[in-house]
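This report refers to the structure that appears directly beneath it.
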Amino acid sequence: MAPKFGKGCHLHLIDGSAFIFRAYHALPPLTRKSDGLPVGAVSGFVNMLQRYVEGNNGPDAATHVAVIFDKGSHTFRNELYDQYKANREAMPEDLRPQIPLTRTATQAFNIACEELEGFEADDIIATLAHQARDAGGRVTILSSDKDLMQLVGGGVEMLDPMKNKRIDAEGVVEKFGVGPDRVVDVQALAGDSVDNVPGAPGIGIKTAALLINEYGDLESLLDRAEEIKQPKRRQTLIDHRAQIELSKKLVQLDCDMALPFGLDDLEVRDPEPEVLMGFLAEMEFRTVTKRIAEKLGIAPPVIEDTAPTSEAAAPEAMPFDADKYECVMDEAALLVWIDRIHDRGYVAVDTETTGLNEMIADLVGISLCVEAGHACYIPLTHKAAATDDLFGSDAVAEGQMDLDRCLALLKPVLEDPAILKIGQNMKYDAKIFARLDIAVAPIDDTMLMSYAMNAGLHNHGMDTLSERYLGHTPIPIKPLLGSGKSAITFDRVPIDKAVAYAAEDADITLRLWQHFKPQLHVKQVTTVYETLERPLVPVLAQMERHGIKVDRDTLSRMSNAFAQKMAGLEAEIQEMAGRPFNVGSPKQLGEILFDEMSLPGGKKGKTGAYATGADVLEDLATEHELPGKVLDWRQLSKLKSTYTDALQEHINAETGRVHTSYSIAGATTGRLASTDPNLQNIPVRSEEGRRIREAFVAEPGKVLVSLDYSQIELRILAHVAGIDALKQAFADGLDIHAMTASEMFDVPLDEMTPEIRRQAKAINFGVIYGISGFGLARNLRIPRGEAQGFIDRYFERFPGIRKYMDDTVAFAKDTGYVKTLFGRKINTPEINAKGPHAGFAKRAAINAPIQGTAADVIRRAMIRMPAAIEGMPAKMLLQVHDELIFEVEEDGANALIDAARDVMENASDPAVKLDVKLAVDAGQGANWAEAH
DNA sequence: ACGCTCACG
DNA sequence: GACGTACGTGAGCGTA
């Protein structure tokens with residue numbers, strides 16, 4: 001039996017959290033080779049412990065030691081002050097899963113590892129320090145945290161492990177200007193921005209120490225505040241007395257906690273070699289394992305090199321085995337899974353629902369996975385199998401957990417800020433859960449990780465990713481659901497089959513995450529993922545759930561009007577053609593025009609059909625009346641079928657609104673894409689089409705507000721290509737197309753004609769698209785030589801543009817990708833191709849950084865918008881590439897415009913300093929036509 | 001399933 | 001010198 005802690009004993013208290021953060025920030029993001037688990041911080045932590053153990057000898061050696069950790073984010077200090085530590089940044093996602101491993105590491109070293117739910121490490125340290133001091137022993141606190149300095153004195157010292165500097169009472173005076181016993185008084189006055197302790201405004205440590213030294217202690221100072229000579233200081237102390245007293249309570253450590261262990265439990269013990277080696281081998285720390293083995297005089301364990309052999313198409317070590325998936329049918333089984341999730345700190349989640357539209361689909365079951373190969377499916381609302389007929393029954397299948405009970409148990413997990421939820425296209429699952437009053441956070445999304453790394457290489461659906469990166473073809477859904485008329489919904493899928501399919505999705509997602517997470521750093525897109533992809537998910541989910549009100553009657557009336565006009569045109573067209581035919585059939589139309597009517601210019605495409613596009617028909621319109629009528633008919637047909645008819649189908653029965661869905665990883669450049677319905681291509685260019693926007697309305701008492709970036713792509717071009725004349729024109733607020741025309745054609749601005757300006761505008765856009773003589777000629781309907789002349793002249797006037805284009809293409813050829821100003825990578829795999837593809841790839845490479853940078857800018861604005869309009873009676877509804885649409889109470893419209901414009905115009909700050917300022921135009925009205 | 005056509009930025 | 005070309009999307013329709 002060891003002697004009781006007392007005189008001659010020396011207790012070391014290690015501030016575990018400080019160790020972890022120091023380790024995390026000091027080391028590059030290391031991952032375990034076999035499965036990609038992030039372990040950088042664990043590695044650093046182990047090294048620090050090892051160094052500590054090695055150095056623990058001589059006169060200052062410990063007889064007792066413990067590593068103390070924080071546990072739980074809510075402590076008695078939050079009860080005193082809800083803003084305590086409120087401005088602290090969230091823990092980095094790749095650190096989260098490492099926290100439990102640091103506990104294991106401490107235990108592996110056979111060092112006491114202590115934490116108490118709801119208590120900060122500092123309070124445990126304070127209590128132990130006092131106990132040891134009172135027992136007559138020495139104490140050394142290994143930390144540089146100034147909050148612990150109040151404990152120094154009477155045998156208690158601190159040791160900054162990095163600087164290896166001891167801090168005694170004298171050191172504290174150096175730092176705070178007062179002795180350890182008055183440190184809390186100074187802190188109470190000075191406050192602390194890191195922990196969000198308010199203190200007294202305008203008083204820092206220097207002034208606080210001065211005051212405390214003059215008046216003795218905080219209480220005397222506050223009682224005699226009237227005596228202070230400086231008027232401002234006096235008033236501050238009088239006005240903020242309560243706040244100062246509160247601050248003191250926040251910084252004062254609890255030295256008298258009831259602890260479920262004693263000093264004698266903390267005696268220094270040698271590590272058990274097997275346990276320590278086992279842990280180090282499990283972590284696959286080769287170097288430190290070898291070094292410690294040498295110290296212990298034993299043979300190091302063999303650590304298999306299980307690294308994937310090649311980066312792409314590396315099958316994970318563990319094969320996929322559907323038989324290992326568990327079907328969770330009762331509460332006990334679910335609780336086991338919830339425990340596993342808490343132990344891990346992360347979980348892959350997937351939902352199964354009755355459909356693809358997450359505004360309508362109902363939850364059918366949930367899959368979870370915490371470790372490759374080990375996944376479960378929780379069936380919740382599956383229907384019983386058919387007994388008597390083909391259509392199944394409406395009775396629920398037996399053996400399923402109660403839906404509400406399951407959600408009640410999972411909600412705290414899905415909302416736990418300490419547990420990372422991993423998904424493939426999490427926006428979908430988050431929206432399903434949001435409808436069930438569960439706010440899923442924080443999240444990681446494998447689809448978006450792939451997008452950040454692989455945009456331009458392939459799509460980012462689960463099937464593609466699983467095949468490419470796991471070498472595994474997922475179970476197809478088709479055989480389960482069938483297709484066409486006989487298709488069933490997932491709740492009709494037999495539970496055993498559902499388990500194999502659904503659990504596998506979670507398993508795949510987790511493995512993809514393990515594969516991608518360390519790759520983000522390697523590919524240098526962590527910032528893109530963290531600032532432009534991941535934070536957009538909740539913003540879009542919110543917008544989509546809100547939807548925009550669409551007036552059915554307006555659309556219906558328009559549909560009828562279009563139908564009537566179309567019928568009239570159709571009759572005229574067929575009359576002219578001399579026989580009835582399907583006006584909507586390009587094939588039949590081509591035959592009428594070029595074979596039967598023998599009009600000139602009939603050109604057949606690769607499929608052997610005549611081209612009848614708008615440009616062809618426009619040319620023919622000079623020859624005959626019929627093509628013009630077809631153009632009119634086509635316009636109406638488009639408006640009716642794609643808009644006035646189809647939009648009505650998309651009005652949600654429950655909300656009366658239309659809820660689009662934005663794909664974040666669809667367009668290669670970083671742009672969003674809108675589907676089901678596409679609300680990014682609602683007509684505006686033609687007068688007739690624009691009226692469709694009148695059907696997009698605000699609720700009574702509210703207005704729609706539209707804010708759009710003015711010429712954002714040309715501004716970005718001016719910046720990236722460094723064109724001073726363009727920058728100056730934007731700075732002067734000039735008409736940029738007129739200015740280009742003036743520069744190119746030597747026409748003074750006050751003599752500018754619309755025609756010349758139109759040509760310059762076409763050239764400006766052409767430049768953004770990777771201009772070619774042929775393309776410009778076709779667009780402007782001028783001879784190719786003339787168009788080429790324009791382009792030559794343009795490059796003469798703006799040589800920087802040519803250089804930008806050449807440099808961009810050269811960079812793409814060299815690296816295989818191009819980058820936006822914010823670091824987004826767009827892969828250009830075709831750039832070195834020969835043949836006709838080459839031109840396409842070149843122009844795409846020239847365009848991508850410009851279009852992509854604009855896309856990044858508005859993404860940044862959108863991500864910041866919720867906080868900027870917080871408290872306003874306003875909602876962000878839609879994004880149309882360079883435009884954001886809001887719905888806001890009439891009285892709040894102007895304030896909203898001010899706030900939103902500010903966010904949009906400054907969206908590039910502080911990451912990128914643009915040479916050209918961004919300008920935003922705004923409008924408001926009862927409907928979208930008025931607001932735009 | 002695919003190409004044509006056309007709506008948007 | 002010819003090749004075929006403006007960049008990025010999604011939806012509806014006809015045709016295979």
Side-chain angles (χ1 to χ4, degrees), chain A residues 455-456 581-590 604-617 630-631 633-647 649-650 660-663 666-686 688-690 692-693 708-714 717 762-780 784 787 791 805 808 818 826 828 834-852 854-855 858 878-883 928 932:
Chain A
F581 72 103
N582 185 349
V583 182
S585 162
K587 183 168 171 278
Q588 292 176 37
L589 176 66
K604 292 188 178 177
K606 54 187 162 190
T607 53
Y610 288 112
T612 68
D615 49 347
V616 176
L617 297 189
V630 172
L631 282 172
W633 182 91
R634 276 195 185 160
Q635 193 200 4
L636 295 173
S637 165
K638 178 77 177 178
L639 296 178
K640 181 171 186 295
S641 67
T642 309
Y643 300 104
T644 56
D645 286 352
L647 272 175
E649 304 295 314
H650 282 284
T660 185
S661 178
Y662 290 100
S663 41
T668 51
T669 54
R671 273 198 180 176
L672 302 179
S674 162
T675 65
D676 310 302
N678 181 356
L679 296 186
Q680 290 181 324
N681 72 345
I682 303 302
V684 69
R685 291 174 188 168
S686 78
E688 268 201 308
R690 181 157 59 235
I692 290 172
R693 295 188 171 215
D708 68 291
Y709 284 109
S710 162
Q711 309 287 7
I712 186 169
E713 293 193 349
L714 280 173
L717 174 71
I763 296 167
N764 275 334
F765 279 110
V767 165
I768 292 173
Y769 297 148
I771 199 160
S772 77
F774 185 93
L776 184 65
R778 205 174 65 163
N779 191 271
L780 285 178
R784 201 175 148 176
I791 294 170
M805 290 180 158
T808 304
V818 292
I826 296 125
T828 56
K834 298 266 183 282
H837 278 348
F840 276 115
K842 253 179 158 174
R843 292 191 296 272
I846 291 166
N847 172 260
I850 302 167
Q851 188 183 114
I858 198 165
L878 300 177
Q879 188 248 42
V880 192
H881 308 307
D882 63 359
E883 174 187 15
W928 196 358
H932 187 77

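Each chain gets a letter, A, B and so on, in the order the sequences are listed, and its residues count up from 1.
Minimum heavy-atom separation, E883(A) to D708(A): CB-CB, 3.8 Å. Of all heavy-atom pairs between Y643(A) and N681(A), the closest is OH-O, 2.5 Å. Across all their heavy atoms, Q680(A) and S674(A) have their closest contact at OE1-N, 3.2 Å.
Regarding contacts with the backbone of dC8(B), a side-chain N or O of R685(A) is found under 4.0 angstrom from either OP1 or OP2. Close to dG8(C), at under 4.0 Å from its OP1 or OP2, lies no side-chain N or O of T668(A). Note on R634(A): a side-chain N or O is less than 4.0 Å away from OP1 or OP2 of dC6(B). Between dC6(B) and N681(A), no contact under 4.0 Å exists linking OP1 or OP2 to a side-chain N or O. Close to dT15(C), at under 4.0 Å from its OP1 or OP2, lies a side-chain N or O of S585(A).
dC4(B) and dT5(C): their P atoms are spaced 11 Å apart (whole Å). Separating the P atom of dT5(B) from that of dA6(C) is a span of 13 Å, rounded to the nearest Å. dA2(C) and dA7(B) have their C1' atoms separated by 35 Å, given to the nearest Å.
Distances from the side chain of A667(A) to the nucleotides dG8(C), dG10(C), dC8(B) place dG8(C) closest. Comparing dA11(C), dA7(B), dA6(C) by their nearest atom to the side chain of D676(A) picks out dA11(C). The side chain of S772(A) sits closest to dT5(C) out of dC6(B), dT5(C), dC7(C). Nearest nucleotide to the side chain of F774(A), out of dG12(C), dA6(C), dG8(C): dA6(C). In this structure, the nucleotide among dG12(C), dG9(B), dG10(C) sitting nearest to the side chain of K638(A) is dG10(C). The listed nucleotides are dA6(C), dC4(B), dG14(C); the one nearest the side chain of T607(A) is dC4(B). Here dA16(C) is the nucleotide among dT5(B), dA7(B), dA16(C) with the atom lying nearest to any side-chain atom of K587(A). Across dC8(B), dT5(C), dA11(C), the shortest atom-to-atom separation from the side chain of R784(A) is found for dT5(C). The side chain of A844(A) sits closest to dC7(C) out of dG10(C), dC7(C), dT15(C). For Q635(A), whose side chain is taken as the heavy atoms from C-beta onward, the closest listed nucleotide among dA7(B), dC4(B), dG10(C) is dA7(B).
Atom P of nucleotide dC8(B) and atom CD of E688(A) are separated by 13 Å, given to the nearest angstrom.
Each of K587(A), Q588(A), R634(A) was evaluated against T612(A); a single residue qualifies, R634(A), per the side-chain contact (heavy atoms from CB on, under 4.5 Å) test.
Base pairing of dA16(C) is not made with any nucleotide, judged by Watson-Crick or G-U wobble geometry with both donor-acceptor distances under 3.5 Å. Nucleotide dT5(C) is matched to nothing when pairs are restricted to Watson-Crick or G-U wobble geometry with both distances under 3.5 angstrom. Both distances falling under 3.5 Å, in either a Watson-Crick or a G-U wobble arrangement, place dG10(C) opposite dC6(B).
The line from CD1 of I791(A) to CG of L776(A) is 5.0 Å long, rounded to the nearest 0.5 Å. Rounded to the nearest 0.5 Å, atoms CD1 (I712(A)) and CG (D882(A)) are 7.0 Å apart.
Donor-acceptor pairing under 3.5 Å, judged by distance alone, is absent between the side chain of R843(A) and the base of dG8(C).
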